[in-house]
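Have a look at the structure below, then the notes.
The structure displayed is predicted, hence computed values, not measured ones.
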Amino acid sequence: MALNILLIIVAYLLGSIPSAVWIGKRFYGIDVREHGSHNAGATNTLRTLGRRAALPVFAIDILKGFTAVMLSHLSGYAPGSDAMFNFKIMLVAAAVVGHIFPIFAGFKGGKGVATLAGAVAGVYPPAVGLCLIVFIIVLTLSHYVSLSSMSAGIAFPIFIVLVFGERSASLIVFSCVIAVLLLLTHRKNIGRLIHHTESKIYLGKRKDA
């Protein structure tokens with residue numbers, strides 16, 4: 001029990017690594033939380049500092065989520081067991097909470113989308129791979145990161161049930177919670193999308209409207 005509590009704390013600390021804040025301050029002298037959407041994430045880093053800064057932020061956020069879930073293999077639970085699955089969910093939650101409320105950055109972080117993606121990849125990688133395809137397609141067509149993230153999140157439980165035929169109640173509930181969480185964390189974005197005021201992201205050369 002003590003070991004598992006320690007692993008959950010470590011997962012939170014991993015999630016708390018404020019890559020956007022540290023990279024922005026160290027290499028650009030800018031706190032990204034004071035610009036754009038005021039979120040400490042890869043998207044706001046891209047808007048504020050550009051691709052050179054955003055790419056390592058994105059990679060680190062993905063990696064810290066995935067690494068947090070991999071801590072489950074130190075728990076002693078049998079691989080594939082319900083206990084292991086439930087513990088992985090705890091680690092996912094700890095890492096995402098760490099990103100949103102990072103102890104290393106005054107508890108003011110980002111929305112945790114990249115960290116969540118990395119963590120969920122440690123739970124069910126095949127479905128996450130399909131969600132990534134959905135994300136890329138929607139982003140390519142719309143240029144809205146928020147819409148792409150929500151679309152991928154909504155697709156997650158659909159893939160779990162319809163594509164992979166999973167019948168595990170815990171897994172289905174988990175996938176639905178992920179979808180709802182992404183919708184809740186993007187409430188303001190939904191409003192801006194409705195009013196056509198949401199900022200677009202152009203990964204290539206930006207075209208004038």
Side-chain angles (χ1 to χ4, degrees), residues 11-69 91-122 128 131-132 134-136 138-140 142-156 177-193 197-203 206:
Y12 167 78
L13 294 176
L14 283 170
S16 289
I17 296 173
S19 57
V21 175
W22 285 354
I23 289 176
K25 287 185 174 181
R26 174 65 178 83
F27 297 102
Y28 299 87
I30 292 176
D31 187 338
V32 297
R33 296 172 298 178
E34 298 175 355
H35 302 271
S37 65
H38 305 289
N39 287 315
T43 301
N44 195 39
T45 301
L46 178 61
R47 291 194 186 102
T48 305
L49 303 175
R51 281 177 290 183
R52 174 176 277 185
L55 285 175
V57 168
F58 180 73
I60 292 171
D61 286 354
I62 286 278
L63 183 61
K64 70 186 186 184
F66 183 79
T67 302
V69 173
L91 295 175
V92 170
V96 173
V97 168
H99 182 88
I100 298 174
F101 304 106
I103 193 173
F104 302 126
F107 300 99
K108 184 181 178 183
K111 294 179 180 177
V113 175
T115 300
L116 178 62
V120 175
V128 174
C131 289
L132 177 59
V134 171
F135 178 91
I136 293 172
V138 176
L139 181 61
T140 300
S142 71
H143 303 290
Y144 290 121
V145 173
S146 58
L147 181 60
S148 304
S149 299
M150 290 185 286
S151 298
I154 293 171
F156 185 50
V177 168
I178 295 298
V180 172
L181 177 63
L182 285 172
L183 291 175
L184 289 176
T185 56
H186 286 83
R187 294 189 306 277
K188 294 181 179 179
N189 303 85
I190 293 173
R192 290 194 291 268
L193 286 168
T197 57
E198 178 76 332
S199 299
K200 291 187 176 184
I201 290 292
Y202 293 84
L203 298 180
R206 179 168 181 169

> Listed by chain and number, what are the side-chain contact (heavy atoms from CB on, under 4.5 Å) partners of Pro18, not counting sequence neighbours?
Replying inline: Val21, Trp22, Phe104, Ala105
> With sequence neighbours excluded, what pairs up with Leu139 under the side-chain contact (heavy atoms from CB on, under 4.5 Å) test?
Replying inline: Phe135, Val145, Ser148, Leu203
> Looking at Leu46, Thr43, Thr45, which hits side chain to side chain contact (heavy atoms under 4.5 Å, CB included) with Val32?
Replying inline: Thr45
> Got Val134 and Ile154 here, is their nearest side-chain heavy-atom distance under 4.5 Å?
Replying inline: no
>> If you compare all heavy atoms of Ala53 against all heavy atoms of Leu49, which two are closest, and at what distance to 0.1 Å?
In response: CB-CB, 3.7 Å
> When you look at Ile23 and Ile60, which way does the side-chain contact (heavy atoms from CB on, under 4.5 Å) test go after all the steps?
Replying inline: CA-CA 11 Å; Ile23 289 176; Ile60 292 171; 4.2 Å; yes
> Which pairs, with at least one residue in residues 177-193 and sequence neighbours excluded, count as a salt bridge (Lys or Arg N to Asp or Glu O under 4.0 Å)?
Replying inline: Arg192-Glu198
> Can you tell me how far the CD1 atom of Ile100 sits from the OG atom of Ser16, to the nearest 0.5 Å?
Replying inline: 10.5 Å
> What pairs with Asp31 under side-chain hydrogen bond (donor to acceptor under 3.5 Å, both in side chains), at least two apart in sequence or on another chain?
Replying inline: Arg33
>> Show the nearest heavy-atom pair for residues Lys64 and Leu14, with the distance to one decimal.
In response: CD-O, 3.2 Å
> Which atoms form the tightest heavy-atom contact between Ala11 and Ala68, and what is the distance?
Replying inline: CB-CB, 3.8 Å
> Donor-acceptor pair, Asn44 side chain versus Asn39 backbone, under 3.5 Å?
Replying inline: yes
>> So, using side-chain contact (heavy atoms from CB on, under 4.5 Å) as the criterion, who are the partners of His35 when residues are at least two apart?
In response: Ile30, Thr48
> Which heavy atom in Ser199 sits nearest to a heavy atom in Tyr144, and how many Å separate them?
Replying inline: O-CD2, 3.6 Å
>> Show the nearest heavy-atom pair for residues Val57 and Ala20, with the distance to one decimal.
In response: CG2-CA, 3.7 Å
Between side-chain atoms of residues 107-121 and protein atoms elsewhere (two or more places apart, or another chain), which donor-acceptor pairs fall under 3.5 Å?
unit_1	atom_1	unit_2	atom_2	d
Lys111	NZ	Asn189	OD1	2.3
Thr115	OG1	Asp61	O	3.4
Thr115	OG1	His99	ND1	3.3

> In terms of heavy-atom contacts, does CZ of Phe101 have more than 12 from other residues, nucleotides or ligands at under 6.0 Å?
Replying inline: no
